[in-house]
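Here's the structure, in structure tokens; my notes come after.
Here is the naming used below: chain letters follow the sequence lines, and residue numbers restart at 1 for every chain.
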Amino acid sequence: MEKTYNPQAIEVEIYADWERRGCFTPSGDGKPYCIMLPPPNVTGTLHMGHAFQDTIMDALTRLHRMAGDNTLWQPGTDHAGIATQMVVERQVNAEGTSRREMGREAFVARIWDWKEQSGDRIENQLRRLGASVDWSRHRFTMDPELSVAVREAFVRLHDEGLIYRGKRLVNWDPVLHTALSDLEVVSEEETGHLWHFRYPLADGTGHVVVATTRPETMLGDTAVAVHPDDERYRDLVGRQVMLPIADRAIPVIADEYVDPEFGSGCVKITPAHDFNDYEIGRRHELAVVNVLDDNACLNREVPEAYRGMDRFDARRRVVEEMESLGLLERIEDHRLMVPRGDRSGAVLEPYLTDQWYVNAQALAIPAIEAVETGRIRFVPDNWSKTYFEWMRNIQDWCISRQLWWGHRIPAWYDPDGGVHVGRDEAEARARSGIGEEVPLVQDEDVLDTWFSSALWPFSTLGWPDRTRALETWYPTSVLVTGFDIIFFWVARMVMMGLKFMGDVPFREVYIHGLVRDADGQKMSKSKGNILDPLDIVDGVDLETLVAKRTTGMMQPQLKDRIEKATRKEFPKGIPAFGTDALRFTFAWLDLGRVEGYRNFCNKLWNASRFALMNTEGFDCGPEGEMELSLADRWIRSRLAAAVARTREAFDGYRLDLASQALYEFTWHEFCDWYLELSKPVLQSGAAPQQRAARRTLVEVLEALLRLMHPLMPFITEAIWRQVAPLAGVEGGTIMVQPYPAADAWGEDPAAEAEMTWVQSFILGVRQIRGEMEIPPGKPLKVLLQGAAEKDLAWLEAHRDLLERLARLESIDVLAEDDAAPPSATALLDHVKLLVPMAGLIDAEAEIARLEKQRGRIRGDLAKSERKLANPAFVENAPESVVEKERGRVADMKSALQRLEEQLERVRALG
RNA sequence: GGGUGCUUAGCUCAGCUGGGAGAGCGUCGCCCUUACAAGGCGAAGGUCGAAGGUUCGAUCCCUUCAGCACCCACCA
């Protein structure tokens, strides 16, 4: 093995080998286990959030595959309607043409080209991350088979009346020219104004004052509303006001919706341009006057001077005109929520159009029940509350989009405006009994991308056909995703799964945290803190990183700031850390942590080198006599505990705890102690002892590699291939080896107790050495005083080890009443461990050290004694707790006494 | 307005159904000891956000408060 761990040298090659071997294909007749990869945007790239999420899924997949399950990780990509169309539209715009100029067919063809061109990028990224997906089953949401599923679902829902077409206010994006669902609206508080206008009464007897944040919509007002109980305006109700500028008479109405406390207590009502006003308009049968067009410019319903004007220009103009008419009362600063499209960032308009909707309430009922009854379990469970909250207040889902990229809605219109739905035109005709002589035109719109995503867990497995795959893996085992798409995706999959499959799409939903940067900020392009996962794997120089963060920005004005921050944070770019180190880093992308885990990989690498150096070409058993040492028994016992901890953590989706268990065992038990303890035996033990040590070394390491493999697939594979033969394991790849079971490595409490004694001995000496600044290499003499039989027995058994690890010249036993030379002291239970001070130790320092220890023990002792003096404690606390406390007091008292004696002795020197 | 979380060492976070708080990084000492300086050994550092309550006992359970974060929502 190379002396230093070099991830690049192993990762790519190993992945290719796994693919050649067909390791990712489900196999065996174990119980089915399936995870659906949330399909990323086909033309996008994977960001840190993906890398994190994919690592979790891969770890679970590898774990279950090793555990013998018939495991499928289903990959695929999403056509991502709006996002993809926008990207390509920008491209063609940059080329001086436009999508309208190109026409629908050519433009869609262009998107397909782009999709082909960028399609492999995500796949390559996934490969570099080690994702063990079954590539042979890769699906794209617009594959012919999946399109069949989409049309099937649409037609069935329509036949049941669960999809309908309706004219109502929708969220309209005037830049993208499409309707959006409620979920695609992001509202943020922005600063604006509240304009107070006077509307004169029609009979000229005065005026009312209305307040608005959107002056331009006044041209579409069809009423003024007041609260029915508002004394101030009681006699106005039923009278008419004259709408300025538009010069229309509109009624004053009374409606509970009005808050008398807000503004003047009078509200202008614009049913065509406000969701609330629309409802009020329905209640009062008001006229609906739409004053905007698709682009949110004013239309022909407004006075000549305003026609064709942009809404924000019109706003200024209206204010000016009202002022010149003497009808502007005042302007206040005001903070208000402004709805914007999540993709375009454009201010949305409530806009009256015909759209297709899914009746979500009906589908939500069983979806709520599935979680209530535990057929689907959220992990952590808290997220079920969020799910319920949304599901119980769900609104109908607008599924039509005025885009060109996506699944065309399977509905056709006849010349009279009749609508005919079918899986294709022929079926639509047949179902409606329409002959070929009647021309039909298909609906121009496409479906919301999330409509096809909602079918993903079964459409990818072959639905509507009843395939073998569908029978095997549906319902899937667990969905791994972030909380940000619980509504977009999770909830809708549950609704559709229950509807079409009659069963939940997954049994568990594991909601992981969001990946944040080192400052705890969410990663986003506009914050300029994004990192490409492969830049951490392979490293990146500063200039490339800056370029990545500042090109193709939606808000180019942020460029300078982002560039500066990036140069400051990564003055030398980012070094290559390797995939395994990245995968081992959970939830928080702190480069310090990635570095720590890269170091961990290096540690494992070198420990393995040590193991191989001491075993390759030697007799490692299992034939031949073997004599297990204390260390051998101990490390096997500790491995059993590590296996148990790791599996338990995996079962609870606590990958952070799994990684912690692995880290601690590997570094602080296997490397820090076991390897050190095994050195004397490996170098100069008797044959049966050496054989046992070598056997233990390769067996424990081999099992450890399997235990770690789900989280760190590459390094474990690379090492395993060399170690496995020594442990007598065949099989070519670690991927298909069984996952370690705790019961294969029995716990050994006796060995652990004895080992604790050995460790305490060594630690005691090291502490003295460290605090007295005695160089590590300087051999020391040690005396033991007050040793019991057990101590003497263990001392003799492990004298060599103790001398070696604590770097001792000698260990001698003193009788209780023997005079000891001036020494520094450590306590090993009730035994005094003495390091004679002559020439080594400063009395002052030793006194200070002992006093510090004494102070600490005194404090603890006082607390414990107080506790035991409390009769309520002794009576009420469990016997074991009281006993433990008594034992502690006894120990502390004896320790205190020893310290006092020692202090006296050292003081006497001075 | 409704909902969900969070507050523990300098920083970022663990802490399993209540029984004297841990890790990584950082800091400070001593070391190139033949697996590893991407390392070894040792140390310092916390009234567990505040105040009450329950309990023999509270970082953990309950209440209130303060601060922070996120999600949802139609107040002009």
Roughly how far, to the nearest 0.5 Å, is [atom2] of [Y] from [atom1] of [X]?
{"X": "A:L827", "Y": "A:S760", "atom1": "CG", "atom2": "OG", "value": "11.0 Å"}
{"X": "A:F665", "Y": "A:Y674", "atom1": "CZ", "atom2": "OH", "value": "10.0 Å"}
{"X": "A:R769", "Y": "A:L763", "atom1": "CZ", "atom2": "CG", "value": "13.0 Å"}
{"X": "A:D860", "Y": "A:E865", "atom1": "CG", "atom2": "CD", "value": "11.5 Å"}

Just the rounded figure in Å: distance from [atom2] of [N] to [atom1] of [X].
{"X": "A:L336", "N": "B:C75", "atom1": "CG", "atom2": "C1'", "value": "11 Å"}
{"X": "A:R888", "N": "B:G57", "atom1": "CZ", "atom2": "P", "value": "17 Å"}
{"X": "A:E879", "N": "B:G19", "atom1": "CD", "atom2": "C1'", "value": "14 Å"}
{"X": "A:R214", "N": "B:C74", "atom1": "CZ", "atom2": "P", "value": "15 Å"}
{"X": "A:R282", "N": "B:C74", "atom1": "CZ", "atom2": "C1'", "value": "15 Å"}
{"X": "A:E771", "N": "B:A43", "atom1": "CD", "atom2": "C1'", "value": "6 Å"}
{"X": "A:I394", "N": "B:C72", "atom1": "CD1", "atom2": "C1'", "value": "13 Å"}
{"X": "A:Q853", "N": "B:G42", "atom1": "CD", "atom2": "C1'", "value": "13 Å"}

Whole-Å [atom1] distance, [N] and [M]:
{"N": "B:G18", "M": "B:C60", "atom1": "C1'", "value": "6 Å"}
{"N": "B:U27", "M": "B:C11", "atom1": "C1'", "value": "12 Å"}
{"N": "B:A23", "M": "B:C75", "atom1": "P", "value": "49 Å"}
{"N": "B:G22", "M": "B:G46", "atom1": "C1'", "value": "11 Å"}
{"N": "B:C28", "M": "B:A66", "atom1": "C1'", "value": "36 Å"}
{"N": "B:G24", "M": "B:G19", "atom1": "P", "value": "24 Å"}
{"N": "B:C70", "M": "B:C30", "atom1": "P", "value": "46 Å"}
{"N": "B:U47", "M": "B:A43", "atom1": "C1'", "value": "23 Å"}

Contact class for [X] (heavy atom, under 4.0 Å): base, sugar-phosphate, or nothing?
{"X": "A:E885", "result": "nothing"}
{"X": "A:V210", "result": "nothing"}
{"X": "A:T386", "result": "nothing"}
{"X": "A:P878", "result": "base"}
{"X": "A:L657", "result": "sugar-phosphate"}
{"X": "A:M1", "result": "nothing"}
{"X": "A:F275", "result": "nothing"}

> In this structure, which one of A:R315, A:K268, A:H273 forms a side chain to side chain donor-acceptor pair (under 3.5 Å) with A:T217?
Replying inline: A:K268
>> I want to verify a distance call: between B:G20, B:A14, B:G19, whose nearest atom is closest to the A:Q660 side chain?
In response: B:A14
> So which nucleotide from B:G19, B:G24, B:C71 ends up closest to the side chain of A:K867?
Replying inline: B:G19
>> Assuming nearest nucleotide by heavy-atom distance, tell me which of A:H668 and A:R654 is located more 5' along RNA chain B.
In response: A:R654
> Given that A:S187 and A:D860 both sit by RNA chain B, which one's nearest nucleotide is further toward the 5' end?
Replying inline: A:D860
I'd like to know if [X] and [Y] make a salt bridge, using a cut-off of under 4.0 Å between side-chain N and carboxylate O.
{"X": "A:E349", "Y": "A:R214", "answer": "yes"}
{"X": "A:R654", "Y": "A:E648", "answer": "no"}
{"X": "A:E216", "Y": "A:R311", "answer": "no"}

> What string of B, S and - do you get for nucleotides 33-41 of chain B, 5' to 3', when a contact is any protein heavy atom under 4.0 Å?
Replying inline: B-BB-BSBS
> How far apart are the C-alpha atoms of A:K3 and A:R609, what are their side-chain angles, what is the distance that settles it, and do they pass the side-chain contact (heavy atoms from CB on, under 4.5 Å) test?
Replying inline: CA-CA 8 Å; A:K3 183 169 176 188; A:R609 277 181 62 221; 3.4 Å; yes
> Would you say B:A43 has OP1 or OP2 under 4.0 Å from some side-chain N or O of A:R856?
Replying inline: no
> Distance check: side-chain N/O of A:K852 vs OP1/OP2 of B:A43, anything under 4.0 Å?
Replying inline: no
>> Could you spell out the base pairing of RNA chain B as a dot-bracket line? Use Watson-Crick and G-U wobble contacts where both distances are under 3.5 Å, [ ] for crossing pairs, | for partners on a different strand.
In response: (((((((..((((.....[..)))).(((((.......))))).....(((((..]....))))))))))))....
>> Suppose we screen for side chain to side chain contact (heavy atoms under 4.5 Å, CB included). Which residues come up paired with A:D800, at least two apart in sequence or across chains?
In response: none
>> Checking side-chain polar atoms at under 3.5 Å, does A:T386 have a donor or acceptor matched by the opposite partner on A:E389?
In response: no
